[in-house]
Amino acid sequence: MDLALLRTFVTVHRAGSFTRAAALLGLSQPAVTSQIRTLERQLGRPLFLRQARGVTPTTMGDELAHKAAPHLDALVEIAEAGLDEDSSVRTLHLAGPPEFTAERALPALTSLTGHDGQGFALRASFGNAEEVLEGLAAGHHDLAITTARSRGALLTATPLCDEEHVLIAAPRWAARLGPGKLRRKGAVTVENLPVVEVHESLPLVSRYWAAVFDSRPAASGAVIVPDLRAVLACVITGAGLAVLPRYLCAAALERGDVVALLDPAVPPLRTYFLVVRTGTLAMPHIARAHEWLLRAAADWS
């Protein structure tokens, strides 16, 4: 059986779409469709059911994926290791959101890098949940950190940690709001208050308002910047209020650069997951990084 056909098949299975698989493989969609049809003719069974959006694997498709995917991943690892025959150090490819990866994951993992026979080289890339999961499924990454639980049996997700979200503003905005204004559930609004966010849809502020006040904020973004660290910098300068993970703004809160506007009894939380391709934890460098991050997360608050 042609390994190229199997590689295309596994990519389609993981991506759930001929179109996404074609983009990940650098092929045209007709080429991907042709390869899958060729493989189906060889096996004498359909592997996917075509849906309005994407494809769904048949029972035969799921069985083949479970059997073939770990071995294909292992072959990729062998090929990559052979690129540098003079080095015994493996490379771990990590992907995740830029702020959490930079502030939490990378500092925890750098102690595992090196040439002691057990260490590994580390390569990191950033992206949103959809991007890092697609890259992981395609074999571009070994380990992904995401706030979205992966779907399908070919990716395995393990809860890593929860992050608490805090509603913050510069001290002058806190003084202008006055005590208790945001605590009155029947009058919760951020109208006329500038908001600093990562997207026009105000995802963090909206999630916070839904969890704490069971309502939607009536606001628009004054500053939109796609990096939480930049959001914090803007809030410190007085650009407006924002919702940020506590780990990211803890130092600013302690210094008094920003103020927590609320202290809800049950603060909003968001869960991070460690995700790998199923079967790849048998590889020592991936397993070691996975275990190390889980241990480190136990001390994160």
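Side chains included, hydrogens not; waters and symmetry mates left out as well; all remaining heavy atoms used. Quick note: residue numbers are just sequence positions, from 1.
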Flag side-chain contact, heavy atom, 4.5 Å: E197 against V231: no

Rounded distance (nearest 0.5 Å) linking atom CZ of R14 with atom CZ of R20: 14.5 Å

Atom pair CG/OG1 of L122 and T110 - distance to nearest 0.5 Å: 8.0 Å

For the student: nearest non-hydrogen atoms of A289 and F120, plus distance: CB-CZ, 4.0 Å

Distance-minimising heavy-atom pair for G96 and V132: N-CG1, 3.8 Å

Geometric class of the F9/F48 ring pair [parallel <30°, tilted 30-60°, perpendicular >60°]: tilted

Value rounded to 0.5 Å, distance of NZ in K67 from CG in D62: 12.0 Å

Heavy-atom donor-acceptor pair, R50 side chain to T56 backbone, under 3.5 Å: no

H199 side chain to S201 backbone, donor-acceptor under 3.5 Å: yes

Donor-acceptor contact below 3.5 Å, side chain T58 vs main chain P46: yes

V196 with L262, same ILVMFWY side-chain cluster at under 4.5 Å: yes

Closest non-hydrogen atom pair between V198 and D227, with its separation: CG1-N, 4.2 Å

From CZ (F18) to CG (L27), nearest 0.5 Å: 12.5 Å

Any side-chain donor near an acceptor of the partner, R41 and T38, under 3.5 Å: yes

Pairing of R295 and E291 as salt bridge, 4.0 angstrom limit: yes

Smallest separation among heavy atoms of Y247 and E103, with atom names: CE1-CB, 3.7 Å

Which atom of C161 lies closest to which atom of F100, heavy atoms considered: SG-CZ, 3.6 Å

Backbone of R45 reached by a side-chain donor or acceptor of E40 within 3.5 Å: no

Distance-only donor-acceptor check, side chains Y272 and E163, under 3.5 Å: yes

L136 side chain reached by T146 side chain, heavy atoms, under 4.5 Å: no

Cluster overlap L269 with L204, hydrophobic side-chain contacts below 4.5 Å: no

Contact summary for P98 and R229, nearest pair of heavy atoms: CB-NH2, 3.8 Å

Q51 CD: over 12 foreign heavy atoms closer than 6.0 Å: yes

Pairwise distance CG(D142) to CD1(I286) - rounded to 0.5 angstrom: 4.0 Å

Same apolar cluster (I L V M F W Y, side chains within < 4.5 Å links), L281/L294: yes

Straight-line distance of L5 CG to L47 CG, nearest 0.5 Å: 10.5 Å

Same apolar cluster (I L V M F W Y, side chains within < 4.5 Å links), V259/V235: no

Enclosure of R270 CZ (heavy-atom neighbours >12, cutoff 6.0 Å): yes

